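Some notes on the structure that comes next.
All chains are named by letter (A, B, ...) in the order of the sequence lines, taking the proteins before the strands, and each is independently numbered beginning at 1. Quantities reported herein were computed from a predicted structural model and do not represent experimental measurements. Atoms considered below: every heavy atom in the structure, side chains included; atoms not considered: hydrogens, waters and symmetry mates.
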Amino acid sequence: MPDSTPSALSPRVRFAPSPTGFLHVGSARTFIFNWLFARHHHGTMVLRLDDTDVERNTEASVRSIFEGLRWLGLDWDEEYKQSERLDLHRKAAEAIFARGLAYRDFTPAHAGEDTQSGTQGAASREGAWLCNPGMREMSREESDRRAAAGEPFALRYRVPRGQGRILSFQDGVYGPQSKMADEVEDFALLRSDGMPTYHLASCFDDADLRITHIIRGQDHLTNTFKHLLIFEGLDAAAPQFAHLPLLVAPDGAKLSKRKHGPVVSVTTYRDAGFLPQAFINFLCLLGWSPKNDREFLAVDEIRELFSLDGVNRANAVVNFKEDDPFDPKAVWLNAEHLRALPVEELARCIEPFLKQAGFQAAPEKVAAVTPLIRERIKLLSEAVSAADFFFVAELTPYDPAELIPQKGDAALARRVLEKAQEVLAATPFDHDSLDKGLREAAAALGLKAGPMFQPIRVAVCGRKNAPPLFETLVVLGRETCLERIGQAEARLASLQV
RNA sequence: GUCCCCGUCGUCUAGCCCGGCCUAGGACACCGCCCUUUCACGGCGAUAACACGGGUUCAAAUCCCGUCGGGGACGCCA
């Protein structure tokens with residue numbers, strides 16, 4: 001998008017979700033791209049709730065959307081609700097009708113049936129539907145008479161036909177676009193209950209709110225030709241358009257709430273322990289590239305680097321699976337962002353997950369544990385399984401055989417544990433002292449570090465894979481360590497019978 | 001069905017507009033090695049792609065045409 005155009009000097013963009021379900025990743029990405037564009041150009045970000053579908057809108061959905069956006073931590077400058085602007089929309093429709101650019105369609109509405117539920121709908125028709133027979137040509141007199149008689153009607157745009165009219169615009173991502181007007185159907189502006197349709201409400205508001213750039217999903221690319229007509233009918237200049245490649249599932253189909261469920265919900269990512277900055281980073285890389293081979297980026301960096309020129313045209317696959325709902329790259333990025341966080345901050349992020357697992361996660365304790373697990377977790381939620389033994393009073397039962405080092409036997413494990421108890425009881429409980437004491441003990445037993453440390457690690461952690469030993473011992477404290485080693489000896493004894 | 005869009009490693013992508021520097025670069029994942037008290041981190045390495053067919057040209061991933069494949073729109077949903 002050339003920065004020389006006046007509108008690019010201070011662009012106004014909008015994110016216009018319809019509150020018919022939870023905020024899903026595709027919508028979140030659209031929001032993020034708009035935000036990035038606005039903030040990069042020092043423009044204005046407008047949030048508009050496109051809630052003209054009274055039937056399907058829910059309060060819960062509105063809350064869910066705000067919750068998701070707030071979690072992302074990205075802001076907006078102005079906020080509107082379409083449902084509060086209905087009078088404006090109706091007046092706009094009347095104006096278009098008055099100009100002869102629309103007509104009344106008295107064809108009864110498709111009785112309840114969702115055209116899409118049958119999969120058929122448009123597909124079953126031979127060719128594309130353009131208009132209902134007899135309506136477009138109806139005389140103004142008859143139209144007025146039937147309307148006055150109270151017969152319900154929808155208002156449709158009278159798409160110019162037979163004039164060889166070509167609709168065209170320059171897309172910020174897809175380049176020059178054009179289509180014959182003859183191929184555009186007479187879409188509805190007003191429903192028979194008087195409510196504006198999405199097309200009308202959206203275009204009117206975009207014009208009225210002086211939106212300069214419409215950045216939205218590519219599923220609206222063909223709708224844009226209709227929108228061009230509406231802006232014309234409104235006698236308003238059309239904004240710039242930029243369509244984003246779609247986010248698709250591994251099977252190639254557009255991500256949808258209905259088909260893909262919670263794996264596409266923003267809250268699913270939040271609850272699994274994604275950091276919002278990592279989530280944003282991941283979503284940006286789906287269909288956009290800074291072109292400098294960098295992928296791990298802070299939000300501020302992305303904002304600075306962002307440009308519509310970097311937006312790709314091919315759809316992007318979000319690589320989730322049945323057994324693993326998150327794209328590996330998203331997980332990797334999250335791990336990177338996790339490690340980039342100052343420990344205290346990471347600790348604060350981890351704390352709620354620990355508490356939710358029922359642990360007594362005192363801030364000081366979490367702060368002490370965090371550095372030990374931060375390179376061992378990729379999602380915040382994994383802190384629970386990575387650090388459980390720091391918080392439980394009683395270790396969950398483990399196989400005593402784990403206490404026995406690789407090339408050793410139970411007797412060796414017993415000797416190690418006994419020796420360890422001596423050392424731990426007599427050594428100052430700090431990293432270096434423990435390190436020195438335990439290594440000397442190993443030497444005294446004629447053992448290498450491995451066989452010496454493993455029994456101790458399993459005894460205090462209850463498993464083989466754990467954070468580095470000395471740090472772990474320190475955080476656990478002398479008392480707990482001694483107690484757990486004692487219990488380990490008992491387990492070992494039970495094994496020998 | 002009609003129209004619109006897209007097609008580089010398994011996935012995200014760079015390169016394409018302005019043909020040669022591309023024996024196609026990076027990242028994730030996977031595999032191997034190293035580091036190491038376990039796990040992890042880190043380091044190193046390997047495998048892996050220009051959908052296909054025609055042109056144009058001295059030269060094509062890059063330009064043109066076609067084919068095939070995928071997606072989207074076609075609703076009184078948004």
Side-chain angles (χ1 to χ4, degrees), chain A residues 16-20 50-53 55-57 105 107-110 113-116 121-130 152-156 171 174-175 177-180 183-185 187-199 201-202 217-226 243 245-246 248 250-254 282 285-296 312-319 327-333 335 339 373-378 386 405 438-439 442 448-454 456-458 461 463-470:
Chain A
S18 64
T20 56
D50 279 9
D51 54 352
T52 52
D53 187 356
E55 307 263 304
R56 305 197 308 156
N57 293 335
D105 181 349
T107 310
H110 278 226
E113 53 181 287
D114 243 337
T115 352
Q116 76 168 14
S124 68
R125 293 194 293 262
E126 275 302 306
W129 171 91
L130 288 177
F153 61 86
L155 193 70
R156 288 186 184 281
D171 190 273
Y174 289 90
Q177 301 295 313
S178 63
K179 185 176 185 173
M180 297 284 294
E183 268 148 7
V184 177
E185 71 278 8
F187 53 92
L189 257 20
L190 244 35
R191 315 208 267 246
S192 48
D193 61 2
M195 288 291 283
T197 61
Y198 156 75
H199 299 299
S202 175
Q218 194 238 43
D219 47 349
H220 282 295
L221 195 60
T222 32
N223 282 335
T224 306
F225 297 107
K226 293 171 200 160
H243 289 87
L246 262 23
V248 299
D251 69 358
K254 172 168 84 153
F282 169 65
L285 261 20
L286 256 24
W288 174 78
S289 163
K291 299 180 189 291
N292 58 184
D293 280 350
R294 292 194 54 207
E295 304 204 300
F296 171 65
N312 189 290
R313 278 174 284 274
N315 290 169
V317 174
V318 178
N319 210 356
D327 191 307
K329 196 147 196 172
V331 176
W332 170 75
L333 276 168
R339 292 180 210 125
I373 60 169
R374 82 135 126 209
E375 293 194 338
R376 272 158 266 266
I377 60 172
K378 289 179 151 71
L438 254 13
R439 280 186 202 280
K448 292 200 156 197
M452 178 72 199
F453 297 161
Q454 195 204 324
I456 306 174
R457 177 179 299 108
V458 174
C461 302
R463 68 173 103 100
K464 283 179 180 171
N465 300 345
L469 188 57
F470 311 126

Residue matched to B:C63 through Watson-Crick or wobble contacts both under 3.5 angstrom
B:G55
How would you label the contact of A:Pro152 with the nucleic acid (heavy atoms, under 4.0 Å): base, sugar-phosphate, or nothing?
nothing
Between B:C4 and B:G66, how far apart are the P atoms? Round to whole Å, please.
13 Å
What is the distance, to the nearest angstrom, from the CE atom on A:Met452 to the C1' atom on B:U36?
18 Å
Using a cut-off of 4.0 Å on non-hydrogen atoms, how would the nucleic acid contact of A:His243 be classed: base, sugar-phosphate, or nothing?
nothing
Send over the distance from A:Phe282 CZ to B:U11 C1', rounded to a whole Å.
10 Å
Map A:Gln454 and A:Ala253 onto RNA chain B by nearest heavy atom, then report which one ends up closer to the 5' terminus.
A:Gln454
Quick check: closest heavy atoms across A:Ala386 and A:Ile377, and the distance to 0.1 Å?
CB-CG2, 3.8 Å
Same-atom distance (C1') from B:A59 to B:C21, integer angstrom:
13 Å
Looking only at atom C1', what distance separates B:C28 and B:A49, rounded to whole Å?
16 Å
So what does A:Ser192 hit on the nucleic acid, given a heavy-atom distance under 4.0 Å: a base, only sugar-phosphate, or nothing?
base
Measure the shortest side-chain to side-chain distance between A:Phe453 and A:Arg439 over non-hydrogen atoms and say whether it is less than 4.5 angstrom.
yes
note: A:Glu185, atom CD; B:G1, atom P; distance rounded to Å ~ 18 Å
Once you apply a heavy-atom cut-off of 4.0 Å, does A:Asn292 come out as touching a base, just sugar-phosphate, or nothing?
nothing
Expressed in whole Å, how much space separates the P atoms belonging to B:G15 and B:C34?
38 Å
Does A:Lys464 reach a base, just sugar-phosphate, or nothing at all? Heavy atoms under 4.0 Å.
base
Output the distance between atom CG (A:Leu246) and atom CG (A:Leu286), rounded to the nearest 0.5 Å.
11.5 Å
Base, sugar-phosphate, or nothing: which does A:Pro250 touch, judged by heavy atoms less than 4.0 Å apart?
nothing
No-H, no-angle donor-acceptor pair, A:Glu295 side chain to B:G26 base, under 3.5 Å:
yes
What's the closest nucleotide to the A:Arg156 side chain, out of B:C5, B:G72, B:C76?
B:C76
Between A:Asn57 and A:Asp51, is there a donor-acceptor pair closer than 3.5 Å when you use the side chain of the first and the backbone of the second?
yes
Send over the distance from A:Lys179 NZ to B:C74 P, rounded to a whole Å.
10 Å
Given atom CG of A:Asn465 and atom P of B:U36, what is their separation to the nearest angstrom?
19 Å
Hey, does A:Leu438 reach any base, or is it just sugar-phosphate, or nothing, if we go heavy atoms under 4.0 Å?
nothing
Of the listed B:C76, B:A78, B:C28, the closest approach to the A:Trp332 side chain comes from B:C28
Options B:U13, B:A78, B:G7, nucleotide nearest the side-chain atoms of A:Ser289
B:U13
Send over the distance from A:Asp327 CG to B:U11 P, rounded to a whole Å.
11 Å
Looking for any heavy atom pair under 4.0 Å, which part of the strands does A:Ser202 touch: base, sugar-phosphate only, or nothing?
nothing
On a whole-Å scale, what distance lies between the C1' atoms belonging to B:C35 and B:C44?
11 Å
Over all strands shown, is A:Phe470 touching base, sugar-phosphate only, or nothing at heavy-atom distances under 4.0 angstrom?
base
Scanning all shown strands, the Watson-Crick or wobble mate of B:G10 with both distances under 3.5 Å is B:C28
Short side-chain to backbone donor-acceptor contact, A:Tyr174 and A:Arg313, under 3.5 Å:
yes
Using the closest heavy atom to pick a nucleotide of RNA chain B for each, name whichever of A:Lys329 or A:Trp288 lands nearer the 5' end.
A:Trp288
Which part of the nucleic acid, if any, lies within reach of A:Gly175 when heavy atoms closer than 4.0 Å are counted: base, sugar-phosphate only, or nothing?
nothing
Taking atom types as they are modelled, is there a donor-acceptor pair under 3.5 Å from the base of B:C6 to the side chain of A:Arg313?
no
Could you check whether A:Asn223 gets within reach of a base, just the sugar-phosphate, or nothing at all, counting any heavy atom under 4.0 Å?
base
Note, A:Leu189 side chain near A:Phe187 side chain (heavy atom, < 4.5 Å):
yes
For the side chain of A:Asp327 and the backbone of A:Asn319, is there at least one donor-acceptor N/O pair under 3.5 Å apart?
yes
Just call it for A:Ala316: base, sugar-phosphate, or nothing, with non-hydrogen atoms closer than 4.0 Å on any strand.
sugar-phosphate
Roughly, in whole Å, what's the span from CG in A:Asn312 to P in B:C12?
9 Å
Out of B:A29, B:C4, B:C76, minimum distance to the side chain of A:Thr197 belongs to B:C76
With rounding to whole Å, what would you report as the distance between B:G20 and B:C16 at their C1' atoms?
14 Å
B:C52 versus B:A46 - spacing of their C1' atoms, nearest Å:
30 Å
Whole angstroms only, please: what is the NZ-C1' distance between A:Lys226 and B:C76?
13 Å
Sugar-phosphate, base or nothing in reach of A:Arg439, heavy atoms under 4.0 Å:
base
Less than 4.0 angstrom from a charged side-chain N to a carboxylate O is my criterion; do A:Lys226 and A:Glu185 meet it?
yes
When the P atoms of B:G19 and B:A60 are considered, how many whole Å apart are they?
14 Å
Does any nucleotide pair with B:C39 by Watson-Crick or G-U wobble geometry, both distances under 3.5 Å, and what is it?
none
Can you find an N or O donor on one side and an acceptor on the other, under 3.5 Å apart, linking the side chain of A:Thr222 with the base of B:C4?
no
Using a 4.0 Å heavy-atom cut-off across all strands, classify A:Gln177 as base, sugar-phosphate, or nothing.
sugar-phosphate
Between A:Asp171 and A:His243, is there a donor-acceptor pair closer than 3.5 Å when you use the side chain of the first and the backbone of the second?
yes
